[in-house]
Amino acid sequence: MSFYNSNDSIFAYMSKLANETNATNLSQGFPDFPVSETLIDYVCAAMKAGHNQYAPMPGLPALREALSKRHAEDYGHAYHPESEITVTPGATQAIQSVIASAVTPGDDVVLFAPAYDCYAPMVEAAGGNPVWVHLNPHDFSVPHQAFADAVNNRTKLVIINNPHNPCGTLWDEEDIRVLIDLQSKYGFRVLADEVYEKIALSEKGFSSFAQYAQLRPFTYLVYSFGKTFHATGWKMGYVLAPALLMSDLRHFFQFAVFSVNTPVQHALAKYVAEADYDAISTMYRSKQQTFQRAMEQTKFKPLMTKGSYFQLYDYSEISQRSDVDMAEWLTREHGVATIPVSVFYPNPPKDMRYLRFCFAKNDDVLLSAADKLSALQ
Ligand SMILES: Cc1ncc(COP(=O)(O)O)c(C=O)c1O
């Protein structure tokens, strides 16, 4: 029986429970390994050099230029540093700026469940109506017919998280073709939350929505330095969008935020230009394999992750508890904290038997978690 009360964030609840019970914490999505020394040195140097006052509203020009260049190298399209890039305090605030500037009261906004937890409350705060499409139940793929049935002329925005938290799925070519067809029919905008772009685990890698010329004029892309450089506590991110959309977004942003941490922007401007993004994917691929191999000694069944640092496991061979009860029981009785997948739904389907494990952890932590879970036969 769980003591979880849905007024609290499940992430805060599970981490607190993990601390209280001294459990291995694979629940909340943050890495437990350090930020690059070089990046930290760049921040200190920027502070010592006196870069400690307000940055320009849309972000430091040097950082926006570095991002534009890297994006063009990675995805073949250069967003204009002056008019198409804004630096934000984390991806969460970028998402809020997109929603607050795009959605007016009464607009429909299509969301895919399971969904990252901030989307629906932000849509509601802007007066919009969340319209939910449930991903297919067994593999969390995109249900084309249900998606087509959910959009119409009232649809202002479609929010897509790719790579996906919590499922680790990617939109494939066919899904994107369906999106392009529906967009050209109804004219909605797209918010692509691509915060896990650099944690591509499938052999094919990751395709950004920025690579699709048909989508670009209508699409906002949101990123997180916290996720990419494992510095989630710095709360730094950015948003890319065509100039017309960005101009509306900045009207909201300038009064909601105004500007973002100056010395960290100086440091990131240097670091983005030299960062080895392939090494980030390689590190996470190795962690995923280490964890999956270690979990083979358990009765948990993996759903293959293609991107993000989350891995879903089906526990139905072990227990028929609800996933919230199971997550709490595993933490208290077996010393491993996870996140139940049903909490990512407005109305969870019955009989969800999946837990989300975050593998952005040191290898000894991953091995110890798998070891503890192998006792459950
Ligand atoms: C899908 C998704 N989007 C956005 C965020 C928020 O990123 P940030 O910490 O940069 O605000 C997260 C964090 O967990 C996430 O999983």
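Along the sequence shown, the residues carry numbers beginning at 1. Quick caveat, the model's predicted, so the values are computed rather than measured.
Under 3.5 Å, the side chains of Gln292 and Gln311 contain a donor-acceptor pair of N or O atoms. A donor-acceptor pair shorter than 3.5 Å can be found between the side chains of Ser36 and Tyr271. Side-chain contact of Ser316 with Gln320: a donor-acceptor pair under 3.5 Å is absent, judged by distance alone. Between Gln145 and Asp149, the side chains place a donor N or O and an acceptor N or O closer than 3.5 Å (distance only, hydrogens not considered). There is a side-chain donor-acceptor pair under 3.5 Å between Ser15 and Asn25. Side-chain contact, Glu194 with Ser208: a donor N or O sits under 3.5 Å from an acceptor N or O. In summary, the side chains of Tyr223 and Glu197 do not present any donor paired with an acceptor at a separation below 3.5 Å, with no hydrogens or angles considered.
Classification of Asp181 and Lys185 as a salt-bridged pair fails, no side-chain N sitting under 4.0 Å from a carboxylate O. Here Arg293 does not pair with Glu296 in a salt bridge; the nearest charged N to carboxylate O distance is not below 4.0 Å. Note on Lys270 versus Glu274: no salt bridge recorded, every NZ/NE/NH1/NH2 to OD/OE distance being 4.0 Å or above. A salt bridge is absent between Glu173 and Arg177; no separation between the charged side-chain nitrogens and carboxylate oxygens falls under 4.0 Å. Using a 4.0 Å cut-off between charged nitrogen and carboxylate oxygen, Lys198 and Asp74 count as a salt-bridge pair. Between Arg250 and Asp248 there is no salt bridge, since no side-chain nitrogen of the basic residue lies less than 4.0 Å from a carboxylate oxygen of the acidic one.
For an aromatic pair to be called close, the ring centres must be under 6.0 Å apart, and His251 with Phe253 fails this. Taking the six-membered ring wherever Trp is involved, the centroid distance between the rings of Phe225 and Tyr238 falls below 6.0 Å. Ring centroid separation for the pair Phe112 and Trp171 comes in under the 6.0 Å cut-off. Annotation: Tyr42 is not in aromatic contact with His266 [ring centroid separation under 6.0 Å not met]. Centroid-to-centroid, the aromatic rings of Tyr116 and His164 stay 6.0 Å apart or farther.
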Show the numbers, then the answer: is there a side chain to side chain donor-acceptor pair (under 3.5 Å) between Asn165 and Ser308? CA-CA 7 Å; Asn165 172 14; Ser308 86; over 6 Å; no

Show, in sequence, the C-alpha distance, side-chain angles and deciding distance for Leu240 and Tyr79, and conclude whether the side-chain contact (heavy atoms from CB on, under 4.5 Å) test is met. CA-CA 7 Å; Leu240 310 179; Tyr79 281 82; 3.7 Å; yes

Could you give me the CA-CA distance, side-chain angles and deciding distance for Asp117 and Ile10, then say whether side-chain contact (heavy atoms from CB on, under 4.5 Å) is met? CA-CA 10 Å; Asp117 61 346; Ile10 187 75; over 6 Å; no

Show, in sequence, the C-alpha distance, side-chain angles and deciding distance for Ile159 and Val109, and conclude whether the side-chain contact (heavy atoms from CB on, under 4.5 Å) test is met. CA-CA 7 Å; Ile159 302 183; Val109 178; 3.9 Å; yes

Steps toward salt bridge (charged side-chain N to carboxylate O under 4.0 Å, His left out) verdict (Asp363, Lys287): CA-CA 7 Å; Asp363 287 4; Lys287 288 200 174 296; 2.9 Å; yes

Can Val239 and Leu221 be said to form a side-chain contact (heavy atoms from CB on, under 4.5 Å), step by step? CA-CA 6 Å; Val239 54; Leu221 296 132; over 6 Å; no

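Judged by distance alone, with hydrogens and angles left aside, the side-chain atoms of Gln265 form no donor-acceptor pair with the main-chain N or O of Leu63 at under 3.5 Å. With Thr228 contributing its side chain and Ser224 its backbone, the two residues share a donor-acceptor pair below 3.5 Å. Of the possible polar contacts, none joining the Gln288 side chain to the Leu201 backbone as a donor-acceptor pair under 3.5 Å is found.
Residues Val341 and Leu355 fail the side-chain proximity criterion, which asks for heavy atoms closer than 4.5 Å. Looking at Glu124 and Tyr119, their side chains never come closer than 4.5 Å, going by heavy atoms from C-beta outward. Counting heavy atoms from C-beta on, the side chains of Arg353 and Asp323 never come closer than 4.5 Å. Residues Pro143 and Val133 form a side-chain contact, since some pair of their non-hydrogen atoms from C-beta on lies under 4.5 Å apart.
Heavy atoms of other residues, nucleotides or ligands lying less than 6.0 angstrom from CD of Glu20 number more than 12. Crowding of Leu244 atom CG: a count of heavy atoms from other residues, nucleotides or ligands under 6.0 Å not exceeding 12. Enclosure of atom CG in Asn22 is not indicated, since only 12 or fewer non-hydrogen atoms of other residues, nucleotides or ligands lie within 6.0 angstrom.
Listed by first then second residue, pairs satisfying salt bridge (charged side-chain N to carboxylate O under 4.0 Å, His left out) with a partner in residues 89-109 read Asp107-Lys156, Asp108-Arg154, not counting sequence neighbours.
Under a cutoff of 6.0 Å and an axis angle of 45°, Lys306 and Phe206 do not form a cation-pi pair. Arg189 forms no cation-pi arrangement with Phe218, by the criterion of a distance under 6.0 Å to the ring centre and an angle within 45° of the ring axis.
Under a hydrophobic clustering in which Ile, Leu, Val, Met, Phe, Trp and Tyr are joined whenever their side-chain heavy atoms come within less than 4.5 Å, directly or via other members, Val324 and Phe310 fall into different clusters. Following chains of ILVMFWY side-chain contacts shorter than 4.5 Å, one can reach Leu135 starting from Val110, so the two form part of one hydrophobic cluster. There is no path of hydrophobic side-chain contacts, each under 4.5 Å, that joins Phe252 to Leu249. If you chain together hydrophobic residues whose side chains sit under 4.5 Å apart, Leu60 and Met246 fall into the same group. Hydrophobic cluster membership is shared by Leu179 and Val222, with clusters built from Ile, Leu, Val, Met, Phe, Trp and Tyr side chains linked at under 4.5 angstrom.
Using cut-offs of 30° and 60° on the angle between ring planes, the pair Phe357 and Phe300 is perpendicular. In this structure, Tyr277 and Phe229 have parallel ring planes: the angle between them is below the 30° cut-off, well short of the 60° mark.
In this structure, the ring-ring contact (aromatic ring centres under 6.0 Å, His included) partners of Tyr284, at least two apart in sequence or on a different chain, are Tyr309. Not counting sequence neighbours, the partners of Phe344 by the ring-ring contact (aromatic ring centres under 6.0 Å, His included) test are Phe11. Every residue two or more places apart in sequence or in another chain that forms a ring-ring contact (aromatic ring centres under 6.0 Å, His included) with Phe140 is listed here: Tyr354. For Tyr75, the ring-ring contact (aromatic ring centres under 6.0 Å, His included) partners two or more places apart in sequence, or in a different chain, are His71.
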Output side-chain donor-acceptor pairs under 3.5 Å for residues 365-375, partner residues at least two apart or in another chain, one line each.
unit_1 : atom_1 : unit_2 : atom_2 : d
Lys372 : NZ     : Thr24  : OG1    : 2.8
Lys372 : NZ     : Gly335 : O      : 3.0
Ser374 : OG     : Asp371 : O      : 2.6

